[in-house]
Amino acid sequence: MATIDQWTVLLYIAGNNDLEETLAEQFKVLQNIRIPPNINVAAQFGRKVQENNAAQRDSRRYISKNGWLALSDSLGCANMGKATSFIEFLLWGYSQFTANRLMLVMCGHSAGFAGIMMDCGREIIDLISIREFVQALSSFYTQTQKSIDIMVFDTCYMNLVEIWYELALAGHCVKYLIVPQENPPMQGLPWHALINLLISNEASKYSVKTSVKNIVQSINLKFPLDTALFAISLAPKIFIVLKALINNLAILILDNKLLKKLPGLSTKPSALISLQDLIKQADANLVKADTCCKSIENVLSEFVFYPVLNEFIQNRKMGPSIYLPNHFTQYMRFQPYYDALSFASNNSWIDILSCIAPLK
């Protein structure tokens, strides 16, 4: 019987795409490490299998047993890009062990607010939409009354405040996030290192929040600055305030016609912009002083707890970001996905997106 201090680590690995080889290498490392009795691991790995010269999807489940990760079930052509597969995995993994604390690691391709866990097994690429993703987590909490203590995103474009807002407003589903910058390292995050760090933190009886900080700090030492991790807490009240402030910022930008005055908008490296970068530019171009930008910075510092916020200032790809496409055509392509977010409802940020210049 597990003690109240033990962890279960759930790994959802969507490898039916061009990441399969890299994810398989990571998984092989995980299979070759000794897992101590106080840590449980349950994984579902969807990957391509070459059979008769035809690519066939094959999803398999693994659980830790007697110190090693062992095959539990073969699911055949289960689609990792479907919300039903995700919730079934969560419930299955949780039911395998008795543990008070849960870490969920999401591994694979994603498209930011458009969806997560790309599965390329059919002619149409499947993704779990952010709404479906949040609903699955809410369903898991409703059925088990258990929160995900730490969620780790080993996937791209999860550094958006819009996504965090959806997760935070879902209630008690997730407590803390470990998030890479816009794009994590190509080789992925070291899953075995996450487990080893949990072991050492558990031995020291650290709180979940302290463990999150220690994990981020340790892994960041092994990665270059622009692919580093950061940690946030998901307190609903703070994110409600943040949305209201971003609504105010949008009105401020529109009323002062700042979109054409912000020099950094035309040189952004992607369709995202660092919120700190945005408010710094907006504040510098305001004729009259306004407290909105400073208030946003204060709120960000409340939920971004490691590294501290001022460490992100020197790198425009780092830290909390928001969607701000480089041209209107780009926005139109993804507008239905963005409009489906709760963050977009009654938010003047939508008006900002509608004012982006068309592609020349």
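Keep in mind the model is a prediction, meaning the values are calculated, not measured. Values below: all heavy atoms of this structure, side chains included; hydrogens, waters and symmetry mates excluded.
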**Student:** Can you list everything that forms a side-chain contact (heavy atoms from CB on, under 4.5 Å) with Trp92? Sequence neighbours excluded, please.
**Tutor:** Ala42, Arg61, Ile63, Ser72, Asp73, Phe89, Gln96
**Student:** Where do Ser348 and Asn247 come nearest, in terms of heavy atoms and distance?
**Tutor:** N-OD1, 2.7 Å
**Student:** Tell me whether the NZ or CZ atom of Lys213 lies within the 45° cone about the ring axis of Phe305 and under 6.0 Å from its centre.
**Tutor:** no
**Student:** Between Arg101 and Gln6, is there a side-chain heavy-atom distance shorter than 4.5 Å?
**Tutor:** no
**Student:** Test of understanding: clusters of I, L, V, M, F, W, Y form through side-chain heavy atoms closer than 4.5 Å, transitively. Do Phe343 and Ile251 belong to the same one?
**Tutor:** no
**Student:** Centroid separation under 6.0 Å, is that true for the rings of Tyr165 and Phe239?
**Tutor:** no
**Student:** Can you tell me which residue pairs pass the salt bridge (charged side-chain N to carboxylate O under 4.0 Å, His left out) test with a partner in residues 232-259, sequence neighbours excluded?
**Tutor:** none
**Student:** Any side-chain to backbone donor/acceptor pair from Asp283 onto Ile279? Under 3.5 Å, distance only.
**Tutor:** no
**Student:** Taking side chain as C-beta onward, heavy atoms only, is Val41 less than 4.5 Å from Ile195?
**Tutor:** yes
**Student:** Taking all heavy atoms of Ala136 and all of Ile87, pick out the closest pair and write down the distance.
**Tutor:** O-CD1, 3.2 Å
**Student:** In terms of hydrophobic clusters joined by side-chain contacts under 4.5 Å, are Leu91 and Leu10 together?
**Tutor:** yes
**Student:** Mind checking ring-ring contact (aromatic ring centres under 6.0 Å, His included) for Phe140 and listing every partner two or more places apart, or none if nothing turns up?
**Tutor:** Tyr94
**Student:** If we only count heavy atoms from C-beta on, is the Val216 to Ile178 side-chain gap below 4.5 Å?
**Tutor:** yes
**Student:** Do Trp68 and Ile35 share a hydrophobic cluster, counting only Ile, Leu, Val, Met, Phe, Trp and Tyr and linking them when any side-chain heavy atoms are less than 4.5 Å apart?
**Tutor:** no
**Student:** In terms of hydrophobic clusters joined by side-chain contacts under 4.5 Å, are Leu197 and Val29 together?
**Tutor:** no
**Student:** Looking at Asp126 and Lys82, is any side-chain nitrogen of the basic one under 4.0 Å from a carboxylate oxygen of the acidic one?
**Tutor:** yes
**Student:** Does one side chain, of Thr22 or Gln26, offer a donor that lies under 3.5 Å from an acceptor on the other?
**Tutor:** no
**Student:** Would you please name every residue forming a ring-ring contact (aromatic ring centres under 6.0 Å, His included) with Phe45, sequence neighbours left out?
**Tutor:** Phe27
**Student:** Is there side-chain contact between Met80 and Met117, with at least one heavy-atom pair below 4.5 Å?
**Tutor:** no
**Student:** Which pair of non-hydrogen atoms, one from Cys293 and one from Leu249, has the smallest distance, and what is that distance?
**Tutor:** SG-CD1, 4.1 Å
**Student:** Kindly write out the residues that satisfy ring-ring contact (aromatic ring centres under 6.0 Å, His included) with Tyr337, not counting sequence neighbours, or none if the list is empty.
**Tutor:** none
**Student:** Once you measure the plane-to-plane angle for Phe303 and Trp164, does it fall in the parallel (<30°), tilted (30-60°) or perpendicular (>60°) bin?
**Tutor:** perpendicular
**Student:** Any chance CG of Asn32 has more than 12 other-residue heavy atoms, nucleotides or ligands included, within less than 6.0 Å?
**Tutor:** yes
**Student:** Kindly indicate, with the supporting measurements, whether the criterion side chain to side chain donor-acceptor pair (under 3.5 Å) is fulfilled by Thr84 and Glu88.
**Tutor:** CA-CA 6 Å; Thr84 50; Glu88 287 170 2; 5.2 Å; no
**Student:** Return yes if a side-chain donor-acceptor contact under 3.5 Å exists between Ser207 and Thr210, otherwise no.
**Tutor:** yes
**Student:** Hey, quick one: are Leu234 and Tyr141 part of the same hydrophobic cluster, counting side-chain heavy atoms closer than 4.5 Å, chains of contacts allowed?
**Tutor:** no
**Student:** Who else is in Ile125's hydrophobic cluster (ILVMFWY, side-chain heavy atoms under 4.5 Å, direct or via others)?
**Tutor:** Met118, Leu127
**Student:** Quick one: does any side-chain atom of Thr155 pair with a main-chain N or O of Cys107 as donor and acceptor, under 3.5 Å?
**Tutor:** no
**Student:** Quick check: do Asp351 and Leu353 have side-chain heavy atoms less than 4.5 Å from each other?
**Tutor:** no
**Student:** Which heavy-atom pair separates Ile128 from Phe133 by the least distance, and what is that distance?
**Tutor:** CG2-N, 3.6 Å
**Student:** Determine whether more than 12 heavy atoms belonging to other residues, nucleotides or ligands lie under 6.0 Å from atom NZ of Lys175.
**Tutor:** no
**Student:** Donor-acceptor check, side chain of Glu162 to backbone of Tyr323, threshold 3.5 angstrom: yes or no?
**Tutor:** yes
**Student:** Have a look at Ile148 and tell me which of Leu167, Leu104, Leu177 forms a side-chain contact (heavy atoms from CB on, under 4.5 Å) with it.
**Tutor:** Leu104
**Student:** Regarding Asp154 and Trp191, do their side chains bring together a donor and an acceptor under 3.5 Å, going by distance alone?
**Tutor:** yes
**Student:** Tell me whether the count of non-hydrogen atoms from other residues, nucleotides or ligands lying under 6.0 Å of CD in Glu21 goes above 12.
**Tutor:** no
**Student:** Taking Lys294 first and then Glu297, would you say they form a salt bridge - that is, a charged N and a carboxylate O separated by under 4.0 Å?
**Tutor:** yes
**Student:** Quick one about Asn40 and Ser64 (side-chain donor to acceptor, distance below 3.5 Å, no hydrogens or angles considered), yes or no?
**Tutor:** no
**Student:** Say whether Asp18 and His109, considering side chains only, have a donor N or O and an acceptor N or O under 3.5 Å apart.
**Tutor:** yes
**Student:** Between Lys280 and Gln276, is any pair of side-chain heavy atoms under 4.5 Å apart?
**Tutor:** no
**Student:** Is a side-chain donor-acceptor pair under 3.5 Å present for Tyr62 with Gln31?
**Tutor:** no
**Student:** Quick one: does Arg131's side chain have a donor or acceptor within less than 3.5 Å of a partner on Ala340's backbone?
**Tutor:** yes
**Student:** Taking side chain as C-beta onward, heavy atoms only, is Val174 less than 4.5 Å from Ile150?
**Tutor:** no
**Student:** Taking the side chain as C-beta and beyond, is there a heavy-atom pair between Leu194 and Val9 under 4.5 Å?
**Tutor:** no
**Student:** Can you see whether Gln281 engages Asn285 through a side-chain donor-acceptor pair at a distance of less than 3.5 angstrom?
**Tutor:** no
